[in-house]
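Worksheet: one structure, shown below.
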Amino acid sequence: MSKNRELKVQVVAEIVEKIKNCQSMVICSYSGLTVEQVTNLRKLCREQEVQYCVLKNRLVLRALQECGISGLENLLEGPNAFVFSTKDVTNAPKVVNDFIEKNKLQSLEIKGGMMGTEILDVAGVKALASLPSREELLATMVGCLVSPVSSLVAVLDEIAEQKAAA
């Protein structure tokens with residue numbers, strides 16, 4: 001096997017691992033971004049523990065085929081960036097969508113993505129970006145559970161104060 005082919009097989013294996021380990025993936029067309037904008041996006045991705053990669057479409061297609069995932073073939077045309085989220089399903093869509101909205105970019109465009117093995121269109125990725133993160137949902141749930149208990153404690157404390165005053 002030639003050296004070039006060995007390298008490509010190795011890169012495909014790495015992409016397969018990324019796909020298998022990710023909660024979500026966003027595919028973006030990035031043509032027209034300045035170096036400064038790409039640098040800022042990469043920095044934001046690192047801060048949110050999201051992986052931003054520019055990969056060859058053909059190698060991503062092979063990796064998707066190895067994972068048994070189909071439906072993204074039509075998105076793998078032109079220069080694409082892939083944003084992988086391993087911690088939370090909403091991280092990658094949020095980072096990309098917020099970056100586009102914050103900077104009012106026309107040159108960075110969401111083409112679609114994936115959540116687990118489910119294929120998402122642009123609307124699906126944007127809907128995922130609008131959802132609260134796992135941590136926010138857990139905090140809301142804990143708040144809902146603690147609220148009645150804290151109200152009960154406040155009422156009991158009030159009763160105890162009234163009895164002590166009388």
Side-chain angles (χ1 to χ4, degrees), residues 1-35 37-103 105-142:
M1 194 175 346
S2 72
K3 188 76 169 171
N4 191 23
R5 181 160 168 79
E6 288 177 19
L7 289 173
K8 287 182 180 179
V9 168
Q10 182 181 358
V11 170
V12 169
E14 290 172 6
I15 297 170
V16 166
E17 280 303 307
K18 286 180 184 184
I19 291 171
K20 285 182 179 177
N21 295 331
C22 76
Q23 296 285 323
S24 64
M25 176 181 76
V26 178
I27 302 172
C28 310
S29 173
Y30 67 93
S31 57
L33 283 180
T34 65
V35 173
Q37 289 170 331
V38 171
T39 304
N40 290 337
L41 178 57
R42 286 181 186 269
K43 180 182 174 192
L44 187 62
C45 287
R46 277 191 303 275
E47 290 170 359
Q48 297 298 321
E49 298 181 29
V50 172
Q51 201 171 27
Y52 175 92
C53 312
V54 175
L55 303 167
K56 291 188 179 250
N57 291 330
R58 175 68 73 202
L59 299 180
V60 172
L61 183 62
R62 291 212 184 213
L64 288 170
Q65 288 170 346
E66 281 188 31
C67 292
I69 299 170
S70 62
L72 293 172
E73 295 82 11
N74 57 340
L75 304 179
L76 299 177
E77 295 174 3
N80 289 319
F82 301 87
V83 185
F84 297 94
S85 175
T86 55
K87 281 192 132 185
D88 190 356
V89 75
T90 62
N91 279 4
K94 273 188 184 186
V95 168
V96 175
N97 195 46
D98 291 349
F99 189 79
I100 291 171
E101 289 177 1
K102 179 183 170 191
N103 297 302
L105 296 175
Q106 301 294 330
S107 50
L108 182 63
E109 177 187 352
I110 296 173
K111 293 173 94 174
M114 208 171 72
M115 178 178 68
T117 57
E118 183 181 338
I119 306 304
L120 301 172
D121 60 355
V122 177
V125 173
K126 289 187 177 190
L128 201 55
S130 67
L131 293 175
S133 69
R134 183 175 188 271
E135 287 78 22
E136 291 169 335
L137 288 173
L138 289 174
T140 303
M141 188 177 82
V142 169

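The figures here come from the full heavy-atom set of this structure, side chains too, leaving out hydrogens, waters and symmetry mates. Numbers here are sequence positions counted from 1. Keep in mind the model is a prediction, meaning the values are calculated, not measured.
- Remark: Ser2 OG to Lys8 NZ distance equals 8.0 Å, nearest 0.5 Å.
- For Thr90, the side-chain hydrogen bond (donor to acceptor under 3.5 Å, both in side chains) partners at least two apart in sequence or on another chain are Asp88.
- Ser24 and Pro93 make their closest contact through OG-CD, 3.6 Å (heavy atoms, listed as atom of the first residue, atom of the second, distance).
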Only distances under 3.5 Å count here; give the side-chain donor-acceptor pairs of residues 64-79 to other protein atoms, sequence neighbours excluded, each with its distance to 0.1 Å.
unit_1, atom_1, unit_2, atom_2, d
Glu73, OE1, Gly71, N, 2.9
Glu73, OE2, Gly71, N, 3.4

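- Considering CG of Leu108 and CD of Glu101, their distance stands at 11.5 Å, rounded to 0.5 Å.
- For the residue pair Val95 and Cys45, the shortest heavy atom distance occurs at CG1-SG, 3.7 Å.
- The heavy-atom pair separating Cys28 from Lys111 by the smallest distance is C-CD, 4.2 Å.
- Taken to the nearest 0.5 Å, the CD atom of Glu6 stands 6.0 Å off from the NZ atom of Lys3.
- Atom-to-atom distance recorded for Leu41:CG and Arg46:CZ is 10.0 Å, nearest 0.5 angstrom.
- Evaluation of the salt bridge (charged side-chain N to carboxylate O under 4.0 Å, His left out) rule for Glu49 yields Lys87 as partners, not counting sequence neighbours.
- Atom CZ of Phe82 sits about 5.5 Å away from atom CG of Leu55, to the nearest 0.5 Å.
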Would you be so kind as to tabulate the donor-acceptor pairs closer than 3.5 Å made by side chains of residues 9-22, with sequence neighbours excluded?
unit_1, atom_1, unit_2, atom_2, d
Asn21, ND2, Glu17, O, 3.1

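- Within the structure, side-chain hydrogen bond (donor to acceptor under 3.5 Å, both in side chains) contacts touching residues 51-63 (residues at least two apart or in different chains) are Asn57-Asn80.
- Pairs engaging residues 115-126 under the side-chain hydrogen bond (donor to acceptor under 3.5 Å, both in side chains) rule: none recorded [sequence neighbours left out].
- Side-chain contact check for Val125 versus Asn97: every heavy-atom pair is 4.5 Å or farther apart.
- The side chain to side chain contact (heavy atoms under 4.5 Å, CB included) search around Gln23 returns Val89, not counting sequence neighbours.
- The side-chain hydrogen bond (donor to acceptor under 3.5 Å, both in side chains) check on Thr34 picks up Gln37, with sequence neighbours excluded.
- How far CG of Leu128 is from CG of Asn91: 10.0 Å, rounded to the nearest 0.5 Å.
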